[in-house]
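Quick caveat, the model's predicted, so the values are computed rather than measured. Just so you know, these numbers use all the heavy atoms, side chains as well, and skip hydrogens, waters and symmetry mates.
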Amino acid sequence: MKKVCQICLVGAIALLLCPTMQAAKVSAPKSVVVQHVEPLNWWAGMKCPLTIMVHGSGVGACQVRVKESNGLTIKNVRKAESPSYLFIDVDVQAAGNYTFILQNGRKQTSFTYAILDRPNRGERTSFGSQDMIYLLMPDRFRDGDSTNNTVKGMKEPCRKDYVHGRFGGDIQGIIDELPHIKELGATYIWPTPLTWSNDAEFSYHGYACADYYHIDPRFGSNELYKTLVDSAHAIGLKIIMDVVTNHSGIEHWWAKDLPYQDWWHQFDTYTGTINAFTTAYDVNASQYDRKLSEEGWFDHHMPDMNLDNKDLLQYFKQLYIWWIEWAGIDGLRVDTYPYNEKTPMSEWCKAVRDEYPWINIVGETWTRPANQVAYWQSGTKNCDGFDSHLPAVMDFPTEEAIRQALENDGNYWGGGMAKVYDALTADYLYGDVNNLLMFVGNHDMDRFADIVKDNDPRRVMLGHILIATMRGIPQMFAGDEYMQRSIDRSLGHSGLRQPLPTPDQLTGEQRAVYEQMKALWNWRKQEPVLWNGKTMHWLSRDNTYAYARYSNKEAVLVLINASEEERVMPVQNYAELLRNYASQGVLPLDNNRLIDLTQEVKLAPLSALIVKLLP
């Protein structure tokens, strides 16, 4: 999520203005009552050690034993600063239902904890450069079940007539649209967070989590989420979960009684992050700046989590391992990655990938230039030797270059397509350029169709052709297949986060763009050279751009004319590539028409030519 303080809660939560949490004054309980046990269950045969967090009245003073003696052993029981918590380290030997008994003198309670056999899901794979990821914001996507639009006990009701309110989109709406997403040519779906978010206003985005282990009932249930994953898998789609480790919501159930005073970073008055990600490696950085960047709150209603607290870090390791195992999800996207403490997050990434070596994790690294993004990708040769263990990062520098190239005519030195060329000259910095997330828009920035000059559909298509054919993993924001625009850019995020148009709402122009998008993305599935080939490109100063994706056996040549005049592409300049292939190429998006590459190639204004080179 972008660091934009567009949400201001008022009055009802005095804690926001004075975020320092005082130790709860708890009188001696008359009984022991367990309110929360997390993780909700576990599995036999996991590599990640298990620590069960128990929360409730009087539990901190209890002795703990497990009734069953075979299959599970308590290694250690640790008290927190709050008397309402216990952290129980256990060693799991076998699946079963185990009864934990908590006793303080004559006061006693118990809970049953399930250790399951791991499901056999066969060989697993995660997202990569062969895929196209479809990003959607569930509340603003499709309302598939109106009965859960307003839920008793949740602070914010459905208000479809209020641009900043909840619109009622849900998991059932995503399930209903799976055929559309499949038809478009996407292979992965990335919904923004679906877990509980109980703020009184602006709760629809889901990034202020109030319960990490439960789906927000206005979206559905844990079981319906699993149904979404299974339904997607059944038609060849996969699911990415949006991960938020940097901050929780102020309405999280633990807010009134934190396990430790350093569970959140706390200040005497509200202190926001300064967003200085460079402090992670800047040899000139002050400790003062580094502290504010890592520990400052993301927003008033989003307290900053302290991942240096070992119990909290273990909590987050187990949390997302639990979701992967329980629901069968296929990848993770980490929100606001550089805001986290870098060493604990590296440990977190490693723990998840130790458990699931096949899984891909992409971090939101919203910064520029490229060296500042590359620092966070595992495999990058950093000056300080730091390894994030984060396999993929979001390529904001190339996103910015594409948007700047197409938001105006670009006919100036260093403008237009030269910006895109320059962006790729930094590829040497990255640990793995094929594991960069490529995009021209997302839920935190103006719609691509809003910012291109004249809202021209030709420019919209050029942007998507670029991300479809350049190195990396392409990602599309829901609605961009119809060149959807914001209802009002002055409304900020809420104005661009609007429901997917229904078929009867589409204009002829939008239908035409969709057909082009569908052809582009489905063709991309058939071209492995676009997934893992090398890149060669040629610089021009006339707002054109030429590049090839090639391997020892095949190549795709892409010619872009982003100017408003016809251009002649200098194919003779591409001789070092073309001499390895036949003189004719195929135009896969033009009925496989043949093109003679020994003759000059003319491109119409604001157009592209994709050529499959023949051996």
Side-chain angles (χ1 to χ4, degrees), residues 1 34-43 48 50-56 80 82 84-85 87 113 138 153-155 171 190-199 203-226 228-229 239-260 263-265 297-299 301-307 309-329 331-337 339-340 344-345 348-349 351-352 355 361 364:
M1 283 174 53
V34 172
Q35 295 172 279
H36 299 93
V37 177
E38 294 178 341
L40 304 184
N41 65 274
W42 204 244
W43 294 266
C48 181
L50 173 61
T51 296
I52 302 173
M53 184 177 77
V54 184
H55 167 254
S82 165
S84 302
Y85 292 85
F87 290 89
Y113 197 79
M154 303 301 289
K155 293 187 175 182
I171 293 174
W190 157 23
T192 54
L194 287 158
T195 47
W196 275 51
S197 184
N198 203 23
D199 288 339
S203 67
Y204 72 86
H205 58 71
Y207 286 97
C209 187
D211 187 324
Y212 285 101
Y213 277 97
H214 291 92
I215 297 297
D216 192 304
R218 292 161 295 188
F219 291 140
S221 65
N222 284 21
E223 289 298 332
L224 188 61
Y225 180 68
K226 185 184 284 189
L228 165 64
V229 176
I239 301 293
I240 294 171
M241 174 170 264
D242 209 334
V243 170
V244 190
T245 53
N246 176 69
H247 49 267
S248 71
I250 199 74
E251 292 294 338
H252 195 285
W253 58 261
W254 59 38
K256 295 180 180 179
D257 185 11
L258 296 176
Y260 301 93
W263 197 253
W264 289 346
H265 289 122
W297 285 26
F298 190 79
D299 210 334
H301 67 303
M302 296 180 183
D304 193 81
M305 308 304 296
N306 177 21
L307 298 182
N309 181 300
K310 297 300 183 182
D311 282 323
L312 178 60
L313 180 59
Q314 181 65 18
Y315 180 94
F316 278 127
K317 288 177 183 177
Q318 295 175 162
L319 169 64
Y320 293 107
I321 289 173
W322 184 89
W323 277 109
I324 296 166
E325 195 71 20
W326 188 84
I329 58 177
L332 301 176
R333 177 263 185 184
V334 184
D335 185 58
T336 58
Y337 191 90
Y339 292 79
N340 293 277
M345 276 307 294
W348 178 87
C349 288
V352 174
E355 195 72 61
I361 307 171
E364 181 194 29

Q. Taking E364 for the side chain and Y337 for the main chain, is one N or O donor matched with an acceptor at less than 3.5 Å?
A. no
Q | Side-chain heavy-atom pair I250, P303 within 4.5 angstrom cut-off | A | yes
Q: Go through the structure and list residues passing salt bridge (charged side-chain N to carboxylate O under 4.0 Å, His left out) with D211, not counting sequence neighbours.
A: none
Q. For the side chain of Q318 and the backbone of T51, is there at least one donor-acceptor N/O pair under 3.5 Å apart?
A. yes
Q: Applying side-chain hydrogen bond (donor to acceptor under 3.5 Å, both in side chains), name anything that partners N309, two or more places apart in sequence or on another chain.
A: D262
Q) Within a strict 4.5 Å, meaning less than it, do heavy atoms of the W322 and L40 side chains meet? A) yes
Q: Output the distance between atom CG (L307) and atom CG (L312), rounded to the nearest 0.5 Å.
A: 5.5 Å
Q: Drop me the distance from H247's NE2 to D335's CG, to the nearest 0.5 angstrom.
A: 5.0 Å
Q. Between F219 and Y225, does the ring centre distance come in under 6.0 Å?
A. no
Q: Step by step, work out the side-chain contact (heavy atoms from CB on, under 4.5 Å) result for W190 and I239.
A: CA-CA 6 Å; W190 157 23; I239 301 293; over 6 Å; no
Q. Can you name the salt bridge (charged side-chain N to carboxylate O under 4.0 Å, His left out) partners of E38, sequence neighbours left out?
A. none
Q) Taking atom CE of M345 and atom OH of Y339, what is their separation to the nearest 0.5 Å? A) 14.0 Å
Q. Can any side-chain N or O of W348 pair as donor or acceptor with the backbone N or O of F316 at less than 3.5 Å?
A. yes
Q | Partner set under side chain to side chain contact (heavy atoms under 4.5 Å, CB included) for H36, not counting sequence neighbours | A | H55, W253
Q. T245 and N340: side-chain hydrogen bond (donor to acceptor under 3.5 Å, both in side chains), yes or no, with the steps?
A. CA-CA 7 Å; T245 53; N340 293 277; 3.1 Å; yes
(Q) Restricting to side chain to side chain contact (heavy atoms under 4.5 Å, CB included), what partner residues turn up for D304, sequence neighbours left out? (A) N246, H265, W297
Q. Rounded to the nearest 0.5 Å, how far apart are CH2 of W323 and CG of L319?
A. 8.0 Å
**Q.** Between S84 and D257, a side-chain donor and acceptor under 3.5 Å
**A.** yes
Q.
Are the side chains of M305 and S248 in contact, using a 4.5 Å heavy-atom criterion?
A. yes
Q) Just checking, any donor-acceptor pair under 3.5 angstrom between side chains of Y213 and N222? A) no
Q | Closest approach of L194 to P191 (non-hydrogen atoms, all atoms of both residues) | A | CD1-CB, 4.2 Å
Q: For W42, enumerate each residue passing the side-chain hydrogen bond (donor to acceptor under 3.5 Å, both in side chains) test, keeping only those at least two apart in sequence or located in another chain.
A: none
Q.
Donor-acceptor pair, distance only, cut-off 3.5 Å: does the side chain of S197 make one with the backbone of A208?
A. yes
(Q) Taking side chain to side chain contact (heavy atoms under 4.5 Å, CB included) as the definition, give me every residue that meets it alongside A80, ordered by chain and number, with sequence neighbours left out. (A) Y85, F87, P259, Y260
Q) Where do V244 and P193 come nearest, in terms of heavy atoms and distance? A) CG2-CG, 4.1 Å
Q) Donor-acceptor pair, W196 side chain versus I215 backbone, under 3.5 Å? A) yes
Q: With side-chain contact (heavy atoms from CB on, under 4.5 Å) as the test, would you mind laying out the steps for C48 and I321 before giving the verdict?
A: CA-CA 8 Å; C48 181; I321 289 173; 3.7 Å; yes
Q) W263: what forms a ring pair (Phe, Tyr, Trp, His ring centres under 6.0 Å) with it, not counting sequence neighbours? A) W254
Q.
Ignoring hydrogens, what is the shortest heavy-atom contact between K317 and A351? Give both atom names and the distance.
A. CD-CB, 3.7 Å
**Q.** side-chain hydrogen bond (donor to acceptor under 3.5 Å, both in side chains) partners for E325, two or more places apart
**A.** R118, Y356
Q.
Checking S203 now: which residues fulfil side-chain hydrogen bond (donor to acceptor under 3.5 Å, both in side chains) with it, not counting sequence neighbours?
A. E156, R166
Q) Is there a side-chain contact (heavy atoms from CB on, under 4.5 Å) between K155 and E251 once you walk through the steps? A) CA-CA 10 Å; K155 293 187 175 182; E251 292 294 338; 2.9 Å; yes
Q. Could you state the interatomic distance from CZ (F298) to OG1 (T336), rounded to the nearest 0.5 Å?
A. 5.5 Å
Q) Where do P138 and T192 come nearest, in terms of heavy atoms and distance? A) CD-OG1, 3.0 Å
Q: Please name all residues satisfying salt bridge (charged side-chain N to carboxylate O under 4.0 Å, His left out) with D216, sequence neighbours left out, ordered by chain then number.
A: R218
Q) Is the distance between the ring centroids of Y212 and H252 less than 6.0 Å? A) yes
(Q) Working to the nearest 0.5 angstrom, can you tell me the gap between N41 CG and Y113 OH? (A) 6.0 Å
